[in-house]
A.B. asks: 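I'd like to ask you about the structure that follows.
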Amino acid sequence: MTEEKRPKLVNEVALLVDNRNVGGSWHVATLHAPRIARTCLPGQFVHLRIPGMTEHMLRRPFTIFDADTTRGDIDFLYGIQGFGTDHLSKLEPGAAFECEGPTGNGWSVPEDIKSALLVGDGTGTAALYLLAKQLIKNDVKVHLVMGGRTKHTIMDTARKFDDLLDGPVDVCTTNGTFGFSGDCTERAGDLLKDHSFDYIACSGPRAITSKVADLAKQANTPCQVWLGSHMGCGVGACLGCVTDTTRGRVRVCVDGPIFDAEEVIW
Amino acid sequence: MTEEKRPKLVNEVALLVDNRNVGGSWHVATLHAPRIARTCLPGQFVHLRIPGMTEHMLRRPFTIFDADTTRGDIDFLYGIQGFGTDHLSKLEPGAAFECEGPTGNGWSVPEDIKSALLVGDGTGTAALYLLAKQLIKNDVKVHLVMGGRTKHTIMDTARKFDDLLDGPVDVCTTNGTFGFSGDCTERAGDLLKDHSFDYIACSGPRAITSKVADLAKQANTPCQVWLGSHMGCGVGACLGCVTDTTRGRVRVCVDGPIFDAEEVIW
Amino acid sequence: MVQTKNQVNQDTQTIEPQYSSTQVQMAVDVAGLHMKNPVTDAAGTFAAGREYSQFVSLEKLGAVTTKSVASEPWEGNVPPRIAEIDSGCINCIGVQNPGMKALRAGDLAWLETQNVPIILSVAGHSVDEYKGVVEYMNDDDKINAFEINISCPNISTGGMSLGTDPNEAGKCIRAVRDLTNKTLIVKLTPNVTDITVIAKACVDAGADALSLINSPKGMVIDAYTRKPKLSRVEGGMSGPAVKPIALRDVWETHKAVDVPLIGIGGIRSGIDAVEFMLAGATAVAVGSANFVNPHATLDVIEGIKQYCIDQGVSDVNDLIGGLIC
Amino acid sequence: MVQTKNQVNQDTQTIEPQYSSTQVQMAVDVAGLHMKNPVTDAAGTFAAGREYSQFVSLEKLGAVTTKSVASEPWEGNVPPRIAEIDSGCINCIGVQNPGMKALRAGDLAWLETQNVPIILSVAGHSVDEYKGVVEYMNDDDKINAFEINISCPNISTGGMSLGTDPNEAGKCIRAVRDLTNKTLIVKLTPNVTDITVIAKACVDAGADALSLINSPKGMVIDAYTRKPKLSRVEGGMSGPAVKPIALRDVWETHKAVDVPLIGIGGIRSGIDAVEFMLAGATAVAVGSANFVNPHATLDVIEGIKQYCIDQGVSDVNDLIGGLIC
Ligand SMILES: Cc1cc2nc3c(=O)[nH]c(=O)nc-3n(C[C@H](O)[C@H](O)[C@H](O)COP(=O)(O)OP(=O)(O)OC[C@H]3O[C@@H](n4cnc5c(N)ncnc54)[C@H](O)[C@@H]3O)c2cc1C
Ligand SMILES: Cc1cc2nc3c(=O)[nH]c(=O)nc-3n(C[C@H](O)[C@H](O)[C@H](O)COP(=O)(O)OP(=O)(O)OC[C@H]3O[C@@H](n4cnc5c(N)ncnc54)[C@H](O)[C@@H]3O)c2cc1C
Ligand SMILES: Cc1cc2nc3c(=O)[nH]c(=O)nc-3n(C[C@H](O)[C@H](O)[C@H](O)COP(=O)(O)O)c2cc1C
Ligand SMILES: Cc1cc2nc3c(=O)[nH]c(=O)nc-3n(C[C@H](O)[C@H](O)[C@H](O)COP(=O)(O)O)c2cc1C
Ligand code: FES
Ligand code: FES
């Protein structure tokens, strides 16, 4: 996605509408952020100034999980990781955030595809929901493989995808409490033995995305991956968030977070 | 007061029971702090770790305005001064404080006195309430002069003293909106021309306490003053809060905050 | 504490700073660099202004300071390059930059259309590399000043290693001084025993102004992985945590030399900026505060103005060095 | 983040830390100073322990480090002496102390009844003054170690001015080394271009161990009064704001010298302490955190222990210098 075609980046005051625990340390937060909700593209994220933690100065980035254009709300799915996400999990509806977004390039799906394999791991799966929605709208057959540690944490998210995809999605848990026992790359590998897809999208930690990129290469299928990075500005100015690609050392926040698997130097 | 005779210093978890605006930026906060409420002496203070402001690391000291030994509550009276008091003013009942106290030496009233003049300026007047209570209990006739900037801020406090002293106290406002027009030292000076007292206690900024100390000297009356200081530890260990006296450079937090006017080097 | 009066547009909920236009003389002069107000950005936190122009009209700034640029492209250090510290952040970017030619053809050309004075920050591994950039850029009339960055903590040669030795620093500045008549600013590191020694050496060598501070060195560790949080182990600290160090260095330097100073370090509000001016700064630069608040530069300008109005200061220059002590 | 499991006594609501007694080998040896755990207090934040003994059983600490003491009484600087900074505080106490004789007769005598190793911190304006204290105190068997404070930022002669010059520092340490066989610790200032140069000079002169850091210099200004917030204009910074500086200095020093280090700067939790040990510290000292949390020393001890239990570390010594990079 060239920068020129992207929705305008704004910094809007967003009110927390809902902040619910969905299992384990996972939460789904809903923010009223109409400008972002109405313009964002699948795979983009917001850069949030979380209120009440000024000595923890930096903003926190979160993928836009879902967007309700009518209400002007966005959802994001997060796990408790450190101070910020822990603090966030305690905030109540009404809390006001400065919310920068929609940020990043979003997925670029090749034209005229018929089928797509989406592989998500952990909260990274959030980056695939709006993509799946868009694909379905375009009559693409979508197969989702979702991985996580335990049933407990991923159930709610898996159900949301079930509803969207109108049938049970492939779920994998590393502790074997739900669906396939193992990680999502194993399941994706198995699938790719028997089926072919026109496009693969993968979101999760680098250990997962790099394996899926490998699988895609073997299957000779176009593949895009979501990459994370520690961020400063979130607008492309500080060069804090770079990753190495065949195009050089580029910024994850605005040149990513979505990359063609082939250009990434793993 | 020798340190040995003081109530034990504790660090107790105190819950905010009430936090009401009493005019202008002045507030009265009530904390449930039973160990402190039941042992504190007039003139002592608490050293509060205010929740939710970790980058503003230091504790804040506040004089114990009133203590309810039955309920185990203490009141303190504060004005909004900077970050901490502003933040404090927004906290709601239920907020939990770490509360160190009761701290400091408290007033040492000479024995067998019949009358006392108490002079308070601004929120400093809070240091005189428990003293007045104790004096009355001991059948000492108490005359209170209270100064402040505007009627608005000091009304509520003046009334509390009215109730205690069973009659209107001498109120002075520098903007002339209430009581005598002028500062409390002028009124105290006038009083001392016509009346004699056995003891004078003064609490407020140094500009006020030093003038009252002068007046007391002229009237040849024993006088004690409350002195403020910027504090680190609040327990006597850091030497951050010192003031110069004839005994040397001593700690306000534990060697004060109450000093004999004569020993202070102004 | 930030002195903004951001107005939330009720329709869009977008934050658009709306400021009054009460009169305070806000212009300052940094050794020939005329700034309409005392506020620029800190090199490396604002790129060449393009990204933040989405939030800030650049022409409202006193100047735009570009990310440091070298004669050749530098790829900087590997990630992770940035982490949080208490009241600040720490980075080891290592002056990634596309090299002077690509900068000039690209973002600099864009910036030159923005109607704002330009301070070009210059990086190098050696005196020759600094000279290379100044020589190459000197004929560009749209560049108003060079800021020589001899203070980057995140590169192995040049940068801070040059800026901690008064002889080396002097040599470097003399060499670039000979090449340009533009305002020559030297950016100093706080990682020295006595910053005034370096400051004097730079002024003696021909610096017109000094900017300070670059980032104090620090380190952050993840106790659970037992690894440093930055790829380069150590990095440069920024944000409010370093403000007291920066204020002190500005004050000491103000007493020691007689050139204008640009104060940098932890500035996020007009009041912070006023503190730097009282300590002796003629102008200030806003760095990592931009990451938190993309309108930080404008908020600082308005905060200074508001302070002047409240305190009856009609000319912002009256604040410079006005500390009472 | 603090790793406490404080139990609130329901009757009294008083906080009394209650800790488990799971086994981790917590003892460390700082060049002959045997500490039952790696935690002491930072000089000047804990007096001689008497005040904090109201909250902490001193015998639970690895050692008590006293406020620096000089040969004669010092009255320190005039107030105001302490102010807040973002994530920390700043002070210009100036080593107010009653002099060695009054200390020995008073609080030190009391401390010697408390069954805890004692580190006596020594201040001076000149080498002779440091020598005077060591000479006078050396026959006191209850003192286990001397910590020579050549790093106080708040006095004009001696202190930091000694600690920033490797020759001066070496001379001073050699002189006191000749007077004592007790463990000799030297406390270093971060206000230097290269802390390892001073560290090496002190070790070469006979230091058994080093403690670091003393406070980085800084300054705070009240924009409204236009005055510095400290009487001495400048002061020493402490608290979490300085932790990254301290960690870096410990790491650099750990790589440069071969003596045990006591890590100091912004430590308020066991995790903070573990970070210092991973960077090379054998022990740690807790300073201004005590002001916020009077049980901070105990909380740090328990936090380290809890970390060791969680991470399967059976001997705390295994953490020392364990940084992976
Ligand atoms: C583009 C992008 C989108 C993301 N979307 C999601 C999401 O939808 N759901 C979700 O749960 N997480 C997401 N993450 C990760 C999320 O940002 C971190 O978990 C979060 O910042 C951790 O903050 P903390 O204060 O809890 O952790 P701390 O460790 O206390 O944070 C300290 C600093 O490190 C940074 N940091 C810590 N962990 C990470 C990480 N894994 N990635 C990037 N920065 C990190 C923080 O932003 C902060 O600057 C995303 C990250 C990126 C880069
Ligand atoms: C023994 C004692 C008792 C006090 N009792 C009361 C009282 O009952 N009611 C009341 O309104 N105020 C009282 N004060 C003053 C009160 O502590 C300060 O107003 C308060 O600490 C300001 O905090 P802040 O965060 O709002 O201000 P900031 O200016 O943001 O505080 C920054 C730092 O400076 C210190 N500080 C700022 N102003 C003062 C001050 N005037 N005195 C001491 N330290 C200060 C703070 O404690 C903090 O460490 C008392 C002070 C002392 C020493
Ligand atoms: C991410 C980042 C990159 C930086 N890059 C540069 C640079 O290229 N050149 C330079 O002179 N300073 C650079 N700096 C230092 C800043 O210009 C500034 O001196 C420092 O951050 C302190 O200011 P602050 O606290 O306002 O951020 C950088 C700082 C940060 C945080
Ligand atoms: C109020 C105060 C007084 C101090 N006095 C001394 C002192 O007398 N001698 C000394 O060596 N260090 C002194 N220090 C420095 C501390 O020992 C310590 O090195 C510094 O505060 C950093 O640690 P911290 O961040 O844990 O406070 C003092 C620090 C403070 C805050
Ligand atoms: S986070 Fe600053 S460039 Fe990406
Ligand atoms: S505040 Fe520390 S000695 Fe009084």
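Residue numbers begin at 1 in each chain, while the letters A, B, ... track the order of the sequences.
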A.B. asks: Around C/Glu72, counting heavy atoms of other residues, nucleotides and ligands shown, do more than 12 lie under 6.0 Å from its CD?
C.D. replies: no

A.B. asks: Would you say NZ of A/Lys133 has more than 12 non-hydrogen atoms from neighbouring residues, nucleotides or ligands within 6.0 angstrom?
C.D. replies: yes

A.B. asks: Given heavy-atom pairs under 4.5 angstrom as the criterion, report whether the side chain, backbone, both or neither of A/Arg38 touches chain C.
C.D. replies: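 The answer is neither part of A/Arg38.
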
A.B. asks: What's the verdict on side chain to side chain contact (heavy atoms under 4.5 Å, CB included) for C/Phe55 and A/Glu100, showing C-alpha distance, side-chain angles and the deciding distance?
C.D. replies: CA-CA 10 Å; C/Phe55 303 99; A/Glu100 259 169 28; 4.1 Å; yes

A.B. asks: If you look at every heavy atom in C/Asn293 and A/Arg59, which pair is closest and at what distance?
C.D. replies: CA-NH2, 4.4 Å

A.B. asks: Where does C/Tyr52 contact chain A at under 4.5 Å (heavy atoms): side chain, backbone, both or neither?
C.D. replies: side chain

A.B. asks: Mind checking the CG-CZ spacing from C/Asn77 to A/Arg249? Nearest 0.5 Å is all I need.
C.D. replies: 7.5 Å

A.B. asks: Measure the CZ-CD distance between A/Arg251 and C/Gln96 for me, rounded to the nearest 0.5 Å.
C.D. replies: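 It is 9.0 Å, given to the nearest 0.5 Å.
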
A.B. asks: Looking at C/Asn290, C/Asn91, C/Ile82, which makes the most heavy-atom pairs under 4.5 Å with chain A?
C.D. replies: C/Ile82

A.B. asks: For residues 238-245 of chain A, give me every residue with a non-hydrogen atom less than 4.5 Å from any non-hydrogen atom of chain C.
C.D. replies: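 Contacts with chain C: A/Cys238, A/Leu239, A/Gly240, A/Val242.
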
A.B. asks: Tell me the closest heavy-atom pair linking A/Ala237 and C/Thr45, and the distance in Å.
C.D. replies: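 Nearest pair, atom of A/Ala237 first, then C/Thr45: CB-O, 3.9 Å.
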
A.B. asks: Is C/Lys229 close to chain A through its backbone or its side chain, or both, or neither, when contacts mean heavy atoms under 4.5 Å?
C.D. replies: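 Neither; nothing under 4.5 Å.
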
A.B. asks: Just give me the residue among C/Gly239, C/Cys92, C/Gly49, C/Gly88 that pairs up with chain A most often, heavy atom to heavy atom, under 4.5 Å.
C.D. replies: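 Counting heavy-atom pairs under 4.5 Å, the top option is C/Gly88.
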
A.B. asks: Return the minimal non-hydrogen interatomic distance between A/Asn11 and C/His295, and the atom names on each side.
C.D. replies: ND2-CE1, 3.4 Å

A.B. asks: Evaluate whether atom CZ of A/Arg20 has more than 12 neighbouring non-hydrogen atoms of other residues, nucleotides or ligands under 6.0 angstrom away.
C.D. replies: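 More than 12 within 6.0 Å, yes.
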
A.B. asks: Just give me the residue among A/His47, A/Met231, A/Arg60 that pairs up with chain C most often, heavy atom to heavy atom, under 4.5 Å.
C.D. replies: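 Answer, by heavy-atom pair count under 4.5 Å with chain C: A/Arg60.
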
A.B. asks: Testing C/Asp86, C/Ile85, C/Val292 one by one against A/Met57 for a side-chain contact (heavy atoms from CB on, under 4.5 Å), which residue passes?
C.D. replies: C/Val292

A.B. asks: Heavy-atom distance under 4.5 Å to chain A: side chain of C/Ala48, backbone, both or neither?
C.D. replies: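 Neither; nothing under 4.5 Å.
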
A.B. asks: Is it the case that over 12 heavy atoms from other parts of the model lie below 6.0 angstrom from the CZ atom of A/Arg149?
C.D. replies: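 Check fails, neighbour count at 12 or below.
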
A.B. asks: Hey, what do you get for NZ (A/Lys8) to CD (C/Gln54), rounding to the nearest 0.5 Å?
C.D. replies: 7.5 Å

